[in-house]
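What you see is a predicted model; the values in this text were computed from it and never measured. Computed from heavy atoms alone, side chains included, the values below leave out hydrogens, waters and symmetry copies. We name chains A, B, ... by the order of the sequence lines, and we start the count at 1 in each one.
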Protein chains: 2
Amino acid sequence: MKARVTVTLKTGVLDPQGKAIEGALKSLGIDGVASVRQGKVFDLELTGSDKAAAEAAIKTACEKLLANTVVENYRIEIA
Amino acid sequence: MKARVTVTLKTGVLDPQGKAIEGALKSLGIDGVASVRQGKVFDLELTGSDKAAAEAAIKTACEKLLANTVVENYRIEIA
């Protein structure tokens, strides 16, 4: 089984990295981009076939390690 | 218009960061994860409403700035 975890900054949290990318895009002459926010993505290869158990384990992983839930949201997709 | 660009390492490219996360998950007692690979995600807010033009601009942005196409793949989703 495979899972993808997407971690993004919560709304209202400043994203200096995204701002830098915005500036760089303008310098490169790429217009039409109003704002950029950067996040992280984790592709997990899972052993076992119990989807509910996998989702619970990944939720724990997100809360403990993958996301800083004070400033970040996470989303789990299991395929 | 919004767009999401997902940048992931190509298959076969070593991912030490992913390996470190794998180790950390094991240390935390979270089992069932065979491998982890980390990537990046960019959420772009676009001005204008021409989807084809936006996709072309984002493709240029990916090639020039967001992804290192030697070792990374990118995927563009426009919503």
Side-chain angles (χ1 to χ4, degrees), chain A residues 1-11 15 17-67 72-78, chain B residues 1-11 15 17-67 72-78:
Chain A
M1 235 182 345
K2 288 186 181 208
R4 169 165 282 189
V5 175
T6 313
V7 176
T8 49
L9 282 172
K10 286 185 179 169
T11 317
D15 180 8
Q17 206 169 358
K19 282 278 164 212
I21 294 167
E22 250 177 79
L25 286 174
K26 284 202 183 79
S27 309
L28 285 170
I30 297 164
D31 296 318
V33 178
S35 82
V36 182
R37 285 179 81 77
Q38 183 169 358
K40 284 172 282 186
V41 63
F42 303 94
D43 287 315
L44 285 74
E45 190 76 55
L46 304 168
T47 57
S49 57
D50 182 346
K51 200 168 163 175
E55 189 154 0
I58 296 172
K59 195 156 183 274
T60 312
C62 288
E63 298 280 342
K64 285 195 183 172
L65 182 74
L66 301 178
E72 290 171 330
N73 291 321
Y74 62 87
R75 200 160 65 92
I76 299 168
E77 293 157 278
I78 298 186
Chain B
M1 237 182 343
K2 288 188 180 207
R4 168 164 282 189
V5 175
T6 312
V7 176
T8 49
L9 280 173
K10 287 185 179 171
T11 317
D15 180 8
Q17 206 168 358
K19 282 278 163 212
I21 294 167
E22 251 177 76
L25 287 174
K26 285 203 181 80
S27 308
L28 286 170
I30 297 163
D31 295 319
V33 179
S35 81
V36 181
R37 286 178 80 77
Q38 182 169 1
K40 285 172 281 187
V41 64
F42 302 95
D43 286 315
L44 285 75
E45 189 76 54
L46 305 167
T47 57
S49 56
D50 182 346
K51 201 168 162 173
E55 189 155 359
I58 295 171
K59 195 158 185 272
T60 312
C62 288
E63 298 279 344
K64 284 193 182 172
L65 183 74
L66 300 179
E72 291 172 329
N73 291 320
Y74 62 87
R75 201 160 64 93
I76 300 167
E77 292 156 279
I78 298 186

Toward chain A, the part of B:T6 with a non-hydrogen atom under 4.5 Å: side chain

Pairs flagged by salt bridge (charged side-chain N to carboxylate O under 4.0 Å, His left out) wherever residues 52-67 of chain B is involved - sequence neighbours left out: none

Closest heavy-atom pair and its distance - B:A54, B:M1: CB-CE, 3.9 Å

Distance in Å, B:D15 CG paired with B:Q38 CD, rounded so as to fall on 0.5 Å steps: 7.0 Å

A:E22, CD atom: more than 12 neighbouring heavy atoms under 6.0 Å: yes

Within-4.5 Å side-chain heavy-atom neighbours: B:L9 and B:N73: no

Contact check, side chains of A:E45 and A:K2, non-hydrogen atoms, under 4.5 Å: yes

Atom of B:K10, atom of B:R37 and distance for their closest heavy-atom approach: O-NH2, 3.1 Å

Toward chain A: residues of residues 27-35 of chain B with heavy atoms under 4.5 Å: B:L28, B:I30, B:D31, B:G32, B:V33, B:A34, B:S35

Toward chain A, the part of B:A57 with a non-hydrogen atom under 4.5 Å: both

Option in A:L44, A:D50, A:L66, A:V7 with maximal non-hydrogen atom pairs under 4.5 Å from chain B: A:L44

Separation of B:F42 CZ from A:T8 OG1 (nearest 0.5 Å): 13.5 Å

Under 4.5 Å from any heavy atom of chain B - which part of A:A61: both

